[in-house]
Protein chains: 2
Amino acid sequence: MSEHHLLPLVDAPTPERRDAARNREALLRAAQELVERCSADAVTMDAVAAAAGVGKGTVFRRFHSREGLMAALLDHSETEWQAAVMSGPPPLGPGAEPWERLMAFGRSRLETTLLHADLIRQAGRAGTRSFAAYSFAAMHVRYLLAQLGVTGDLPLLATALMAPLEAPVLDQQVRIEGLDVDRIHAGWVDLARRIVGRRT
Amino acid sequence: MSEHHLLPLVDAPTPERRDAARNREALLRAAQELVERCSADAVTMDAVAAAAGVGKGTVFRRFHSREGLMAALLDHSETEWQAAVMSGPPPLGPGAEPWERLMAFGRSRLETTLLHADLIRQAGRAGTRSFAAYSFAAMHVRYLLAQLGVTGDLPLLATALMAPLEAPVLDQQVRIEGLDVDRIHAGWVDLARRIVGRRT
DNA sequence: AGACCAAACGGACTGCGGTCCGCTTAGTAT
DNA sequence: ATACTAAGCGGACCGCAGTCCGTTTGGTCT
């Protein structure tokens with residue numbers, strides 16, 4: 001028994017070998033660059049594998065599927081966003097009144113969702129399902145609603161509040177119906193008022 | 001000029017040749033059967049072409065893409081639903097109070113969306129975009145909201161009301177979070193109350 | 001250092017969505 | 001009936017997602 005674990009705290013799920021980690025980063029970097037220099041469609045598994053200088057099988061080993069890869073790309077910015085909510089400056093971060101935070105949440109979600117619309121679409125189910133993203137946002141909204149003294153089935157009210165900010169809905173409104181972002185945001189604020197029960 | 005148009009009213013977009021119509025039906029029937037006897041995944045373009053006894057190219061000529069084929073399958077039940085709303089029995093159809101109709105709308109949408117969840121998912125964008133479906137429902141909700149004396153940006157309020165009934169959201173709630181349908185419906189009724197501004 | 005093995009790797013291979021283009025046929029004009 | 005043409009047809013062909021399996025390599029134990 002000569003295990004040199006300095007932190008044998010939680011049972012390690014499997015530490016990941018060093019070459020594996022290197023390849024993961026190389027792949028993510030390659031994919032990111034492909035998205036920026038071309039488009040999300042250009043991110044083919046062969047292309048990203050070649051760009052990262054690894055075999056195709058490796059890409060699938062790391063990310064399971066193309067959708068998984070897209071989700072991984074999203075995960076990065078999603079994590080930043082979570083940090084901004086948990087410990088960033090107000091009004092998005094802590095320190096502002098719940099209502100102000102809720103408004104900031106709406107605006108922020110609206111913008112980032114539209115910004116990453118392509119990636120989200122291509123991530124398909126993985127984007128929604130890796131609900132490290134989704135469930136964090138939902139939790140935050142539930143928390144704010146509770147702070148605002150809203151009564152009722154909070155999980156469902158939170159869903160109702162977030163649903164119009166989901167990518168497919170926004171996509172439809174912006175790309176097809178041609179609504180502009182400010183109007184959509186105003187509509188969302190109105191919705192929030194009605195749900196929370198504010199006069200103003 | 002010996003055109004024998006009995007109804008030259010609106011300029012015919014292109015009447016569709018008889019063999020084409022026959023093949024369209026054969027393809028739809030074959031696809032439908034594949035869905036029922038196997039699953040939506042089993043609906044391969046090659047498979048449906050073979051089952052209908054036509055070439056693969058024909059399938060794409062008719063339906064543009066796999067998503068288009070799925071959308072066409074959906075379109076059928078969607079049309080029935082529209083008929084039920086426009087001229088079916090109350091409370092879904094005309095004849096009931098607006099609030100009752102709205103409640104019936106919610107329940108009905110919830111059920112049919114879940115029923116066709118697979119097809120909708122596989123139809124991808126085509127399902128949303130062929131908004132013969134979507135825009136009809138949106139119009140109906142706007143109409144009911146107006147009847148109920150709701151003031152505000154009705155198109156956006158309608159969207160807010162329908163968004164939680166969209167397939168991806170419901171899918172997440174039912175399949176992943178494990179919520180049961182009655183609770184979701186109750187939550188939607190609550191949402192409608194808040195948006196409409198009803199006491200009860 | 002050497003041995004051992006589980007994890008990782010790579011690329012050939014499969015199946016499906018989608019395109020292309022030369023052939024066939026339904027409908028029409030004469 | 002015959003000729004004409006545009007719409008329709010079919011299936012070979014292509015690119016990409018995803019799988020499989022023989023080979024390599026990082027980590028560890030002695």
Side-chain angles (χ1 to χ4, degrees), chain A residues 1-6 8 12-28 30-31 34-35 38-73 121-126, chain B residues 1-6 8 12-28 30-31 34-35 38-73 121-126:
Chain A
M1 240 308 198
S2 58
E3 291 196 356
H4 294 230
H5 281 171
L6 294 179
T14 294
E16 184 174 68
R17 242 163 60 171
R18 209 169 266 148
D19 54 347
R22 196 158 13 93
N23 283 338
R24 142 172 278 124
E25 272 189 50
L27 286 166
L28 280 175
L34 272 175
V35 169
C38 308
S39 76
D41 307 322
V43 181
T44 89
M45 298 306 255
D46 293 273
V48 67
V54 303
K56 190 179 182 175
T58 304
V59 190
F60 282 92
R61 164 173 293 275
R62 288 290 130 226
F63 302 105
H64 250 80
S65 68
R66 187 194 140 90
E67 294 191 350
L69 174 57
M70 297 302 187
L73 288 180
R121 180 155 35 79
Q122 305 247 345
R125 322 192 62 172
Chain B
M1 239 316 194
S2 59
E3 292 195 355
H4 294 230
H5 281 172
L6 293 180
T14 295
E16 183 175 66
R17 241 162 63 173
R18 207 168 269 146
D19 55 348
R22 195 157 14 92
N23 283 338
R24 139 171 282 123
E25 272 190 49
L27 285 167
L28 280 175
L34 272 177
V35 169
C38 307
S39 76
D41 307 321
V43 181
T44 268
M45 296 307 254
D46 293 273
V48 66
V54 304
K56 190 179 182 177
T58 304
V59 189
F60 283 92
R61 164 172 293 276
R62 288 290 129 225
F63 302 104
H64 252 77
S65 67
R66 187 192 138 92
E67 294 192 350
L69 174 57
M70 296 301 186
L73 287 180
R121 180 156 34 79
Q122 306 247 345
R125 320 193 63 172

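These numbers were taken from a predicted model, which means no experiment stands behind them. In the text below, chain A, chain B and the rest are named by the order of the sequence lines, each starting its count at 1.
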In Å and rounded to the nearest 0.5 Å, what is the [atom1] to [atom2] distance from [X] to [Y]?
| X | Y | atom1 | atom2 | answer |
| --- | --- | --- | --- | --- |
| R22(A) | R17(A) | CZ | CZ | 10.0 Å |
| R62(B) | N23(B) | CZ | CG | 7.0 Å |
| L34(B) | D41(B) | CG | CG | 11.5 Å |

Under 3.5 Å, which donor-acceptor pairs link side chains of residues 43-51 of chain A to any protein atom two or more places apart or in another chain?
unit_1	atom_1	unit_2	atom_2	d
T44(A)	OG1	D46(A)	N	3.4
T44(A)	OG1	A47(A)	N	2.9
D46(A)	OD2	K56(A)	NZ	3.4

Separation of [X] atom [atom1] from [N] atom [atom2], in whole Å?
| X | N | atom1 | atom2 | answer |
| --- | --- | --- | --- | --- |
| M45(B) | dC20(C) | CE | P | 16 Å |
| D46(A) | dT19(D) | CG | P | 14 Å |
| D41(B) | dG17(C) | CG | P | 10 Å |

Taking all non-hydrogen atoms of both residues, which atom of E67(B) and which atom of R125(B) are closest, and how far apart?
OE1-N, 3.6 Å

Nucleotide-resolved protein contact map, nucleotides 7-14 of chain D, B/S/- at heavy-atom distance under 4.0 Å:
BBBBB---

Can you establish whether the number of heavy atoms outside E25(B) located under 6.0 Å from its atom CD is more than 12?
no

Considering heavy-atom distances to DNA chain C, does F60(B) or R22(B) have its closest nucleotide positioned more toward the 5' end?
F60(B)

